Amino acid sequence: MTSPRHVTLIDGSGFIFRAFHGLPPMTRPDGTPVNAVYGFTTMLMKLLSESDADHVAVVFDTSRKTFRSDFYPDYKAHRPPAPEELVPQFPLVRDATRAFDVCCIEMEGFEADDLIATYARAAVAQGAKVTIVSSDKDLMQLVGERVQMFDPMKNRVIGEPEVREKFGVGPDRVVDVQALCGDASDNVPGVPGIGIKTAAQLIGEYGDLDTLLARASEIKQPKRRESLLEHAELARISRRLVLLRDDVPLPVAMDQLAVKPVNPETLAAFCAAQGFRSLMNRLNVKAPPVATMAAATPAALPVAPKVETRYELVVSEDALDRWIAEATRAGTVAFDTETTGLDPLRAQLVGVSLSVEPGRACYIPILHSPPQAQGSLDLGGGGPAADTPKILPAKTTLDRLKPLLADPAVLKIGHNIKYDMQILAGLGLVLTSLDDTMLLSYVLDGGAHGHGLDELCQLHFGHANIAFSEVCGTGKAQVTFDRVPLDKALAYAAEDADMTLRLHRLLKPRLLAERMVTVYETLERPLVPVIVEMERAGIKVDRAALIALSEDFGRRLGELENEVIALNNGEVFNLGSPQQLGKVLFETLGLPGGKKTKTGQWATGADVLEELAHLHPLPARLLDWRQISKLKSTYTDALVSQINPATGRVHTSYSLATTTTGRLSSSDPNLQNIPIRTEEGRKIRHAFVADAGCKLISADYSQIELRLVAHVAGIEGLRTAFASGADIHAITASQVFGVPVEGIDSSLRRRAKAINFGIIYGISPFGLAAQLGIPQGEAKAYIAAYFQRYPEIRDYMERTKEEARENGFVTTLFGRKVYTPGIKDKNGAMRAFAERAAINGPIQGGAADIIKRAMVRLPAALKEAGLAARMLLQVHDELVLEAPEAAVEPTIAVVKRIMEAAASLSVPLLVEAGAADNWGEAH
DNA sequence: ACACTCACG
DNA sequence: GACGTACGTGAGTGTA
């Protein structure tokens, strides 16, 4: 480890903005704007090739919230949000940095400038020379004997003379001048009436700011004197704002900044993915062929519904090569896989279809057995075997497809491409550069309709796709796709690829037009590979423990059943039948207070049975029976049967395009509703265990939805409550009921908690009354008291409802649309329902955005920290990871950091994390 | 296929 | 004054 001689620190965030505004718009073949990325990449390339620096880092801002905004909330507060076209470029610039194998440095709570100051000081202390690549005047205070700045856009070095020219004083007095003249763009106040010239003159005369302020009364000009005397404190605050911290703990050690040789292949892959062909030529690496941008850019107009179709069955090497070449030339190809089943871990790849222009597609069979001679049923013309052409060997096909799939310069479009990636991953094939028409539809029209391929084709093109059942049959007669005759397989599979391409041309241009680029590019698309890894990882369950639990539950069900039957005077009935139970309770036993459901049946829900429990012993027994029965059938029995024999783990499937709010959903099995609320249920959670030598880590956001309420609705009382870090429900109780926090008992706290939750759900007196078991009038009074104490919540609710009425949707803080159908329904109940959903939308959806962002960022952060931990599960506000036992502590630190920094709100985000051998104890 | 119930956030 | 309500999911069971 040699000490650095020349350290170059690049102000990444500053550069992005200047490049964005300074360069003409450029887009990638898929429509993503990349002009700032291009500018950054060329700058970095030039710098690395021309500079003699031996240590380099690119430093970024993380969020707006820094230690400065803590003591001066207006600091940089009135900056408009970044332009829509710039947002997707932020992560790409970091990708660019990594493609050069250069360190990205950022730290929550500090600006890039503070980190630069810190590294500069450390470098000088080690005897090195420092170059700061930036033109930001805020960094000029750092210039000195061994520190210079370089403006990469103007190709100009900034040393002491240049600083003097700008500020009229030397670098050591720059902060004093800035403190006086302020900075409108950063909201640094300064002293009113004093500009840069006067400031320089004053500092020149008095030496420094403190002396000037102390002797301000000596100033001759009356206005200037009064202003300085009156605003001395403002000047001191301003100095604190502009003075850079150079004592930040170094997030990355200096020696990590050492320049490494660039791997041309990594760099070429990155450039290819961005469509930077000229840069690849400069790199002297063989560029994967890419079509011209014009040819690859999707047509902006909807595709005519009726296009003549030409579908080709690919059974020769020539034809296969021709299709692959065409896809490569086009730079964009729709892609679909056909398999033997729905479970991607067990299904086998049967064939692949491709499409590069509407109406034209091919199907490449990979695993087709000739239709089995099904006795005498096969009566077709000349017999199937005779006209079944020979298909290419699977290995040939896969070997040829592999480079196409891995080629970052060719965009692969799929519909629910997660599934295809799973299938390919099972064969050791990697798919890079992807788009997903299901996710495009979801971000554009989530909540308006479903996002299945068939549904979308019907909706957008009035086209009915060939039904799967038509090809494979239904029920007992259903066959797997490998048994489908090739002509039918071609018609079905090629149509899917064709339609996927058409949908892409229709939907992708809408992203920019409807301002959904950010949601799609930063939350949805990058999540796909992350989810693929999670699903493939699965989670280990203790089979023996579940079986033992199941047996235990079975015994107790038998006992409870006997008791219930005895209580029904020995009259046998099916405990699982709500209909029979209703008759027993309200007819045979004649218990009072029966309610009917909307279909006229006796209602027998848990709330009803709890009411009845004090009149008769049977309902309580039945509640116990129901609980155990649910646990046994839905969890212990079902989970055991879901264990994948090959991995010994359960692999859920996450749906990315199901919910109306942006949440994920989990199925087959659903691992987002594993019991926890009751003692018996928790035992099931204990059966989710870590692999040998590992621990499970559970990290969950504390009160994320309520924090979002405080932030989105701007509720001052809640914000300060969260900032204090104390028990939020107790504080709410104290504020709403007017009792000091020490006087809050569990009952008051429980009521406050129910109101807090009610707010999230779009509160109503009826709902709150039902939740708390109190009269509606009382609930109404609570709500009134809450509104009184937190008046901003009422504005938020009205504002949100109005937004929904105006647009038909509401939006989350990341810009996701949540549709609110029924908001103008003439039926009052329907409308009220839509209104509550509208109020809930930005809250639940915002929380979903935040955890998605954390999930997208986490894998790289773990990798960067050299940690082998992997994400296994997401449960809306919780992430479950598996980590080697020895690495638990550092893993928790990274997970916490990434999750808490996933959004910067006006309230802190808090993540609580624990580790144990099983999920029950880790939580 | 639908209703009901209940597991989770 | 009555309507029917907490928001978002998925799964198992019974019934038609």
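Throughout, protein chains are lettered first and strands after them, A, B, ... in sequence-line order, and every chain is numbered starting at 1. Note that the structure is a prediction, hence the values are computed from the model and not measured.
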Would you mind telling me which of [options] lies closest to the side-chain atoms of [X]?
X: A/Arg685; options: C/dG8, B/dC8, C/dT9; answer: B/dC8
X: A/Thr658; options: B/dG9, C/dT9, B/dC6; answer: C/dT9
X: A/His876; options: C/dC7, C/dG8, B/dT5; answer: C/dG8
X: A/Thr660; options: C/dG8, B/dC8, C/dA6; answer: C/dG8
X: A/Ala829; options: B/dG9, C/dG4, C/dG10; answer: C/dG4
X: A/Phe833; options: B/dA7, C/dG12, C/dC7; answer: C/dC7
X: A/Pro578; options: B/dC4, C/dG8, B/dC6; answer: B/dC4

What nucleic acid atoms does [X] come within less than 4.0 Å of, heavy atoms only: base, sugar-phosphate, or nothing?
X: A/Ala769; value: nothing
X: A/Ser764; value: base
X: A/Ala638; value: sugar-phosphate
X: A/Gly576; value: sugar-phosphate
X: A/Leu768; value: base
X: A/Ile674; value: sugar-phosphate
X: A/Ala606; value: sugar-phosphate
X: A/Gly828; value: nothing
X: A/Gln627; value: sugar-phosphate
X: A/Gln580; value: sugar-phosphate

Got [X] and [Y] here, is their nearest side-chain heavy-atom distance under 4.5 Å?
X: A/Phe814; Y: A/Lys852; answer: no
X: A/Ile755; Y: A/Thr732; answer: no
X: A/Arg816; Y: A/Glu524; answer: yes

Establish, with yes or no, whether the OP1 or OP2 oxygen of [N] is under 4.0 angstrom from a side-chain nitrogen or oxygen of [X].
X: A/Gln579; N: C/dT15; value: yes
X: A/Arg836; N: C/dC7; value: yes
X: A/Ser577; N: C/dT15; value: yes
X: A/Gln776; N: C/dT5; value: no
X: A/Thr604; N: B/dT5; value: yes
X: A/Arg663; N: B/dG9; value: no
X: A/Thr661; N: C/dG8; value: no
X: A/Asn574; N: C/dG14; value: yes

Within this structure, what is the [atom1]-to-[atom2] distance between [X] and [N], rounded to whole angstrom?
X: A/Leu622; N: B/dC4; atom1: CG; atom2: C1'; value: 14 Å
X: A/Phe766; N: C/dC3; atom1: CZ; atom2: C1'; value: 11 Å
X: A/Leu631; N: C/dT13; atom1: CG; atom2: C1'; value: 15 Å
X: A/Leu609; N: B/dC4; atom1: CG; atom2: P; value: 15 Å
X: A/Asn673; N: C/dA11; atom1: CG; atom2: P; value: 8 Å
X: A/Leu879; N: B/dC8; atom1: CG; atom2: P; value: 19 Å
X: A/Asp668; N: C/dA11; atom1: CG; atom2: C1'; value: 10 Å
X: A/Leu581; N: B/dC4; atom1: CG; atom2: P; value: 14 Å

Taking the same atom, [atom1], in [N] and in [M], what whole-Å distance lies between them?
N: C/dA2; M: B/dC6; atom1: P; answer: 30 Å
N: C/dA6; M: B/dC4; atom1: P; answer: 13 Å
N: B/dT5; M: C/dT5; atom1: P; answer: 13 Å

Check if the side chain of A/Gln844 and the base of C/dC7 share a donor-acceptor pair of N or O atoms closer than 3.5 Å.
-> yes

Is a donor-acceptor pair below 3.5 Å formed from side chain A/Arg677 to base B/dG9, judging by atom type as modelled?
->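 Between B/dG9 and A/Arg677, which were checked side chain against base, a qualifying N/O pair under 3.5 Å is present.
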
Side chains of [X] and [Y]: donor-acceptor distance under 3.5 Å anywhere?
X: A/Glu778; Y: A/Tyr782; result: yes
X: A/Ser747; Y: A/Arg751; result: yes
X: A/Glu571; Y: A/Asn568; result: no

So which protein N/O to nucleotides 1-3 of chain B N/O distances come out below 3.5 Å?
from  : atom 1 : to       : atom 2 : distance (Å)
B/dA3 : O3'    : A/Thr599 : OG1    : 3.4

More than 12 heavy atoms of other groups within 6.0 Å of A/Gln788 CD =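 Counting neighbours around CD of A/Gln788, 12 or fewer heavy atoms of other residues, nucleotides or ligands fall under 6.0 Å, so no.
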
Could you go step by step and tell me if A/Arg556 and A/Glu680 meet the salt bridge (charged side-chain N to carboxylate O under 4.0 Å, His left out) rule?
-> CA-CA 12 Å; A/Arg556 288 164 59 190; A/Glu680 289 305 309; 3.0 Å; yes

With a 3.5 angstrom cut-off on both distances, give the Watson-Crick or G-U wobble partner of C/dA2, or none if there isn't one.
->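 No nucleotide pairs with C/dA2.
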
Kindly indicate whether a cation-pi arrangement holds for A/Lys596 with A/Trp602, taking the cut-offs as under 6.0 Å to the six-membered ring centre and within 45° of the axis.
->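 Here A/Lys596 passes the 6.0 Å and 45° test against A/Trp602.
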
Give me the one residue out of A/His449, A/His451, A/His415 that meets ring pair (Phe, Tyr, Trp, His ring centres under 6.0 Å) with A/Tyr442.
-> A/His451

Test log, rule salt bridge (charged side-chain N to carboxylate O under 4.0 Å, His left out), inputs A/Arg805 and A/Glu835 | CA-CA 9 Å; A/Arg805 279 191 290 270; A/Glu835 287 175 355; 3.7 Å; yes

